[in-house]
Amino acid sequence: MFKHVDHLQFQARPEKPDAFFAAKLQELVGGQFGEMTVMMQYLWQGWSCRVPGKYKDMIMDIATEEIGHVEMLTTMLARLLEGGPAEATEKAAAANPVLAAVLGGQNPQHSIVTGGGAMPTNSQGVPWNAGYIVASGNLLADFRSNVAAEAQSRLQTSRIYNMTDDRGVKDMLQFNLARDTYHQQQWLLGIEQLIEDGFTENGIEDSNAEFEMQDQNHTFYSFDPESTAGEGRWARGPALNGKDEIIYVPDAQPLTDDRPLGPAPDPKLFVTYDGAMGKGKPGTGAGATAQGLANVVNKIKGAID
């Protein structure tokens, strides 16, 4: 259950309308790293969290705050768009005011589609989509994604901050910058808490670690004979797994004689082929079904063995 308080978390009062700047501000609403993304990302992570108590509560707290940030931005956009159509029409060529508005930088959809309101899109009018969010159910992996999301969001907010002289807009963006600064810290501290509580040993996602190639989990490969990458911390010193020293391999060479060629192609697919690997096997729908059944049987046999 969610409750709504009829006040913004922080004020969203521009000094004057600015329909052209509103088009830029849309990026902070519905862009890949906009407030809609972090709002939905944290909500989904919170709803899916299997650890009751402080972790779930923390995720839901920040998710709920992000709902408020979307509300702040949409309110700011509506106020920036006040009088936008009339202003654009006055400055536009009488024959084609919408075209003039586009050339001037205003998004005509703010007038045509939403009637002077914000849209769930980025600054180019591309609709927000759920493919932007990360919610894996693994808190360590998700928290790392959250740090990156907040960093990108803050960076874009900082760039947009420099695109306006409106004191009211800057006041709100200063608040947003500060919250993104803290939220980065919050997720990093969340990772420290996961380590402290024993949910992860060292902050590295290492599920199925016992099956990975142990000599490969602390090796840096360089593929340029003149590379200076070996000078970085990532190529020397103790690995973050707490067990190994990083191995640096300059001018790396293949670890196998396997070459990147597939099998001889099905002749019915008309793939250009020189015959070097013999005749391809013709495929059919029935053959694909049979292969699928064989795969299932082999998995069952493997599990029994």
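Residues: numbered from 1 along the sequence shown. Just so we're clear, the structure is a prediction, and the values are computed from it rather than from any experiment.
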> Where do Thr219 and Ile246 land on the side chain to side chain contact (heavy atoms under 4.5 Å, CB included) test, with the steps shown first?
Replying inline: CA-CA 6 Å; Thr219 299; Ile246 295 173; over 6 Å; no
>> Side-chain heavy atoms nearer than 4.5 Å, only ILVMFWY residues, links allowed to pass through others: does that put Ile62 and Phe175 together?
In response: no
> Of all heavy-atom pairs between Ala235 and Ala229, which one has the smallest distance, and what is that distance?
Replying inline: CB-O, 3.8 Å
> Is there a path of hydrophobic side-chain contacts, each under 4.5 Å between heavy atoms of I, L, V, M, F, W or Y residues, that connects Met36 with Ile59?
Replying inline: no
>> Let me confirm one number: the CE-SG distance from Met58 to Cys49, rounded to the nearest 0.5 Å.
In response: 8.5 Å
>> So, using side chain to side chain contact (heavy atoms under 4.5 Å, CB included) as the criterion, who are the partners of Glu201 when residues are at least two apart?
In response: none
>> Counting C-beta onward and ignoring hydrogens, is there a side-chain heavy-atom pair between Leu155 and Asp180 closer than 4.5 Å?
In response: no
> Do the rings of Tyr248 and Phe220 sit parallel, tilted or perpendicular, given the 30° and 60° boundaries?
Replying inline: parallel
> Which heavy atom of Tyr221 sits nearest a heavy atom of Ala252, and at what distance?
Replying inline: CD2-CB, 3.7 Å
> Less than 4.5 Å apart, any side-chain heavy atom of Asn202 and any of Ile195?
Replying inline: no
>> Looking at Arg13 and Val169, would you say the former's side chain and the latter's main chain have a donor-acceptor pair under 3.5 Å?
In response: no
>> Quick check against the 3.5 Å criterion: does Arg79 have a side-chain atom that pairs as donor or acceptor with the backbone of Ala12?
In response: yes
> So with a 6.0 Å cut-off around CG of Asp165, is the heavy-atom count from everything else above 12?
Replying inline: no
> What pair of heavy atoms forms the shortest contact from His218 to Ala239, and how long is it?
Replying inline: CB-CB, 4.0 Å
> With a 4.5 Å limit on heavy-atom distance, are the side chains of Met60 and Phe2 in contact?
Replying inline: yes
>> Suppose we call two aromatic rings close when their centres sit under 6.0 Å apart. Are Trp187 and Tyr42 close by that rule?
In response: yes
>> Less than 4.0 angstrom from a charged side-chain N to a carboxylate O is my criterion; do Arg167 and Asp171 meet it?
In response: yes
> Are any side-chain N or O atoms of Glu205 and backbone N or O atoms of Ser207, one a donor and one an acceptor, separated by less than 3.5 Å?
Replying inline: yes
> Is there a donor-acceptor pair closer than 3.5 Å between any side-chain N or O of Lys56 and the backbone N or O of Val51?
Replying inline: no
> Looking at residues at least two apart in the chain, or sitting in another chain, which of them share a side-chain hydrogen bond (donor to acceptor under 3.5 Å, both in side chains) with Gln45?
Replying inline: Asn146
> Any sub-3.5 Å donor-acceptor pair from Asn122's side-chain atoms to Glu27's backbone N or O?
Replying inline: no
> For Asp142 and Gln41, what are the C-alpha separation, side-chain angles and deciding distance, and is it a side chain to side chain contact (heavy atoms under 4.5 Å, CB included)?
Replying inline: CA-CA 9 Å; Asp142 284 353; Gln41 181 157 308; over 6 Å; no
> How far does CD of Glu150 sit from CG of Leu188, to the nearest 0.5 angstrom?
Replying inline: 10.5 Å
> Pick from Gln124, Gln109, His110: which one makes a side-chain contact (heavy atoms from CB on, under 4.5 Å) with Gln26?
Replying inline: His110
> Between CE of Met172 and CG of Leu8, what distance do you get to the nearest 0.5 Å?
Replying inline: 9.5 Å
> Would you say Leu43 and Met39 make side-chain contact, with heavy atoms under 4.5 Å?
Replying inline: yes
>> Is it the case that over 12 heavy atoms from other parts of the model lie below 6.0 angstrom from the CD1 atom of Ile204?
In response: yes
> Okay, side chain of Asp206, backbone of Ala209: is any donor-acceptor separation there less than 3.5 Å?
Replying inline: no
>> What verdict does the ring pair (Phe, Tyr, Trp, His ring centres under 6.0 Å) test give for Tyr55 and Phe199, after you've listed the backbone C-alpha separation in whole Å, the side-chain angles of each residue and the deciding distance to 0.1 Å?
In response: CA-CA 12 Å; Tyr55 286 102; Phe199 287 106; 5.6 Å; yes
> According to the side-chain hydrogen bond (donor to acceptor under 3.5 Å, both in side chains) rule, which pairs have a member within residues 226-235, sequence neighbours left out?
Replying inline: Ser222-Ser227
> Can you name the side-chain hydrogen bond (donor to acceptor under 3.5 Å, both in side chains) partners of Lys54, sequence neighbours left out?
Replying inline: Asp197
> Any link between Phe33 and Phe143 through a network of hydrophobic side chains (Ile, Leu, Val, Met, Phe, Trp, Tyr) touching at under 4.5 Å?
Replying inline: no
> Which residue pairs pass the salt bridge (charged side-chain N to carboxylate O under 4.0 Å, His left out) test when at least one of the two sits in residues 243-256, sequence neighbours left out?
Replying inline: none
> Where is the tightest heavy-atom contact between Gly31 and Thr37, given as atom of each residue plus distance?
Replying inline: O-OG1, 3.2 Å
>> Once rounded to the nearest 0.5 Å, what's the spacing between atom CG of Asn217 and atom CD of Gln214?
In response: 5.0 Å
>> Minimum heavy-atom separation for Ala151 and Gln184, please, with both atom names.
In response: CB-OE1, 3.6 Å
>> Within the supplied structure, the quantity of interest is the number of heavy atoms (other residues, nucleotides, ligands) at a distance under 6.0 Å from Trp44 CH2; does it exceed 12?
In response: no
>> For Tyr161 and Gln156, which I'm curious about, is there any donor-acceptor pair between the side chains at under 3.5 Å?
In response: no
>> Quick check: closest heavy atoms across Pro52 and Arg50, and the distance to 0.1 Å?
In response: CD-O, 3.4 Å
> Is there side-chain contact between Met76 and Pro14, with heavy atoms separated by less than 4.5 Å?
Replying inline: yes
>> Within the structure provided, determine whether Asp166 and Phe21 are in side-chain contact (heavy-atom separation under 4.5 Å).
In response: no
>> Under the side-chain hydrogen bond (donor to acceptor under 3.5 Å, both in side chains) definition, can you give me all pairs with a residue in residues 64-78, not counting sequence neighbours?
In response: His4-Glu71, Gln9-Glu65, Gln9-His69, Glu65-His69, Glu65-Arg179, Glu65-His183, Glu66-His69, Glu66-His183
> Same cluster for Ile160 and Phe10 if Ile/Leu/Val/Met/Phe/Trp/Tyr side chains link at under 4.5 Å?
Replying inline: yes
> Should Leu25 and Val29 be regarded as members of a common hydrophobic cluster, given that ILVMFWY residues are connected when their side-chain heavy atoms come within less than 4.5 Å of each other, either directly or indirectly?
Replying inline: yes
>> Before you tell me yes or no, could you show the steps for Met72 and Glu35 under side chain to side chain contact (heavy atoms under 4.5 Å, CB included), namely the whole-Å CA-CA distance, both residues' side-chain angles and the distance that decides it to 0.1 Å?
In response: CA-CA 10 Å; Met72 285 166 52; Glu35 298 291 348; over 6 Å; no
>> What I'd like to find out is whether the side chain of Ile67 reaches to under 4.5 Å of the side chain of Val70, using heavy atoms alone.
In response: no
>> Check whether Asn208 reaches the backbone of Phe211 with its side chain - one donor and one acceptor, N or O, closer than 3.5 Å.
In response: no
>> I'd like to know if the side chain of Gln216 reaches the main chain of Glu212, judged simply by a donor and an acceptor atom lying under 3.5 Å from each other, with no hydrogens or angles considered.
In response: no
>> For Met119 and Trp128: C-alpha separation, side-chain torsions, deciding distance, then whether side chain to side chain contact (heavy atoms under 4.5 Å, CB included) applies.
In response: CA-CA 9 Å; Met119 299 180 295; Trp128 183 88; over 6 Å; no
> Do Thr157 and Asn176 have side-chain atoms, one donor and one acceptor, less than 3.5 Å apart?
Replying inline: no
>> As an exercise, state the distance from CD of Glu15 to OG1 of Thr164, rounded to the nearest 0.5 Å.
In response: 8.5 Å
>> Measuring from atom CZ of Arg154 to atom CG of Leu28, what distance do you get when rounded to the nearest 0.5 angstrom?
In response: 12.5 Å
